[in-house]
J.: 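Pasting a structure here, questions to come.
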Amino acid sequence: MNKIPYKIYLEENEMPQQWYNLRADMKNKPAPLLNPGTLEPMTAEELSGVFCEELVKQELDDTTAYFDIPQEIRDFYKMYRPSPVVRAYCLEEKLKTPAKIYYKFEGNNTSGSHKLNSAIAQAYYAKKQGLKGVTTETGAGQWGTALSMACSYLDLDCKVYMVKVSYEQKPFRREVMRTYGASVTPSPSMDTNVGRKILEAHPGTTGSLGCAISEAVEVATTTEGYRYVLGSVLNQVLLHQSVIGLEAKAALDKYGVKPDIIIGCAGGGSNLGGLIAPFMGEKLRGEADYRIIAVEPASCPSFTRGKYAYDFCDTGMVCPLAKMYTLGSNFIPAPNHAGGLRYHGMSSTLSQLYDDGLMEARSVAQTDVFKAAEEFARVEGILPAPESSHAIKAAIDEAIKCRETGEEKTILFGLTGTGYFDLVAYEKFHDGLMEDYVPTDAELEESFKTLPKVD
Ligand SMILES: *Cc1c(COP(=O)(O)O)cnc(C)c1O
């Protein structure tokens, strides 16, 4: 067979026409969202006050395996997809590993991340419903940027609540969002009831995704013609992100390549859930086996040190309860530099798969992540996002293990985005000022006390 090219692309006509819903093949379905008042499963009607109708359908459907991708969304995808699968020949050589390393690169659009895959879908359904606009939160800024791009494309208003620490660390992100016409407010803000309450309880807080979600939901539910959209965690987002895995698998299949190990960083779980979707589908159906590894920051270790329990998705406790690996909705992680991974919870789909032993998880320290990021940038030519670099770190570690054992494993990891807006973090790392904050057991125990009682 021919040598595998550095970049494997699909032709436009080979791009996926449907999203794949992993839940359809799960024997143990993810636990349903609960109404925090009644503790009954949320109905479509209740959810449609917050979310767009079509997205509510996708959220609640755990039996339909494939959803058609509307033509308009497929046309938008064509502007920046298919994204390449890259064979990391240079990294392999540098590591002197017999492992074969591939990565799926999702940073090739202005948002600099995979988030645009779901942003365009969510904005499309909002537009189709005749809404005026959407509200959301953003941590690192990638989701807010992606949604701003999608909304300006479809002529929808976009209100973004941006976690204050990111708003201050990444002023350029804010300007990209404003370029696309979004309004951007640092969270917690004095604009909402929940923001004022959080500021009273935690004066001077640098915010968290959980706070910003509460603010965005409050604005959506109190403003006519608006709904709330979320960039991760939810089933619908994993569904849209399945385009990553479907493309990756189709590209690798063209060359008869089957990964042994699939690695992704995990914030709320959307890129990992999307990347692994078709592979995990095969695993669930007993057709193939893969080792799947979620990588999270040691400062926000939902999988590796969290509890599998029902919890609020937000700090203000206005959202439904989700059963997930969680650090407690009150947990405000140290202001580390992987903003997109600073969420207290995790996708309920991935949580169930992890609980069923179908995937592994590990946590990594921030300075080790930046070491790996730099090593990667120097040989592969892409400046990776700090979030993505968690996956790089684990991929390098696995490749080094192969060097020691002589095993020729094939590794696929998700390179979710670029780090051009994260140069303050790179600066801290280079100046030796970066810290490896790890929460103590006592801190986590304190946070677990706020978990709601659900039997
Ligand atoms: C948001 C983000 C993540 C983490 O989010 P998931 O929903 O866990 O995928 C990872 N990488 C980048 C570049 C991001 O923007």
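Predicted, not measured: the structure shown is a model, and the values here were computed from it. For ligands, and for the atoms within them, numbers begin at 1 and follow the listed sequence.
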J.: Any N/O of A266 closer than 3.5 Å to an N/O of ligand 1?
T.: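 Not met; the criterion fails.
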
J.: Yes or no on salt bridge (charged side-chain N to carboxylate O under 4.0 Å, His left out) for D422 and K170, after CA distance, side-chain angles and deciding distance?
T.: CA-CA 7 Å; D422 300 283; K170 300 187 180 186; 2.7 Å; yes

J.: Given side chains that start at C-beta, do those of M42 and L34 come closer than 4.5 Å, heavy atoms only?
T.: no

J.: So do the side chains of Y102 and V257 get within less than 4.5 Å of each other, counting heavy atoms only?
T.: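 The answer is yes; the side chains approach within 4.5 Å.
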
J.: Answer side chain, backbone, both or neither: which part of S270 comes under 4.0 Å from ligand 1, heavy atoms only.
T.: both

J.: Is T416 in polar range of ligand 1, meaning some N or O pair under 3.5 Å apart?
T.: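 Looking only at distances, the answer is yes, because the N/O contact criterion of under 3.5 Å is met.
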
J.: Would you say ligand 1 has an N or O under 3.5 Å from any N or O of L272?
T.: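 Such a contact does not occur with ligand 1.
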
J.: In the structure I gave you, are the side-chain heavy atoms of R291 and I262 within less than 4.5 Å of one another anywhere?
T.: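 SC-SC contact between R291 and I262 ruled out.
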
J.: Against heavy atoms of E387, which atoms of ligand 1 measure under 4.0 Å?
T.: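 Those qualifying, in numeric order: 10 (C), 11 (N), 12 (C).
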
J.: Give the residue, atom name and distance (to 0.1 Å) of the protein heavy atom nearest atom 7 (O) of ligand 1.
T.: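 Looking at atom 7 (O) of ligand 1, the protein heavy atom closest to it is S232 OG, 2.5 Å.
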
J.: With heavy atoms only and a cut-off of under 4.0 Å, state how L341 meets ligand 1: side chain, backbone, both or neither.
T.: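 It is the side chain that touches ligand 1; the backbone stays farther off.
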
J.: Measuring from atom NZ of K393 to atom CD of E375, what distance do you get when rounded to the nearest 0.5 angstrom?
T.: 9.0 Å

J.: Decide whether an N or O pair under 3.5 Å exists between K115 and ligand 1.
T.: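 Right, the criterion is met.
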
J.: Quick one: look up the protein heavy atom nearest atom 4 (C) of ligand 1 and list residue, atom name and how far away it is.
T.: G340 O, 3.4 Å

J.: Could you check if a side-chain atom of L272 sits within less than 4.5 angstrom of a side-chain atom of C265, using non-hydrogen atoms only?
T.: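 L272 does not reach C265 side chain to side chain.
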
J.: Less than 4.0 Å is my threshold; does some heavy atom of E106 fall inside it relative to ligand 1?
T.: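 Outside the 4.0 Å threshold, so no.
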
J.: Give me the nearest non-hydrogen protein atom to atom 8 (O) of ligand 1 as residue plus atom name, then the distance to 0.1 Å.
T.: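 Protein heavy atom with the smallest distance to atom 8 (O) of ligand 1: G267 N, 2.7 Å.
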
J.: Looking at E374 and R378, is any side-chain nitrogen of the basic one under 4.0 Å from a carboxylate oxygen of the acidic one?
T.: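 The answer is yes: the pair qualifies as a salt bridge.
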
J.: List ligand 1 atoms under 4.0 Å from S113, heavy atoms only on the residue side.
T.: 13 (C), 15 (O)

J.: Could you tell me which non-hydrogen atom of Q122 sits nearest to which non-hydrogen atom of V229, and how far apart they are?
T.: OE1-CB, 3.1 Å

J.: Run through R74, Q18, Q17 and flag the one making a side chain to side chain donor-acceptor pair (under 3.5 Å) with D68.
T.: Q18

J.: Backbone, side chain, both or neither: what part of A140 comes under 4.0 angstrom of ligand 1, heavy atoms only?
T.: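 It is neither part, as no heavy atom is under 4.0 Å.
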
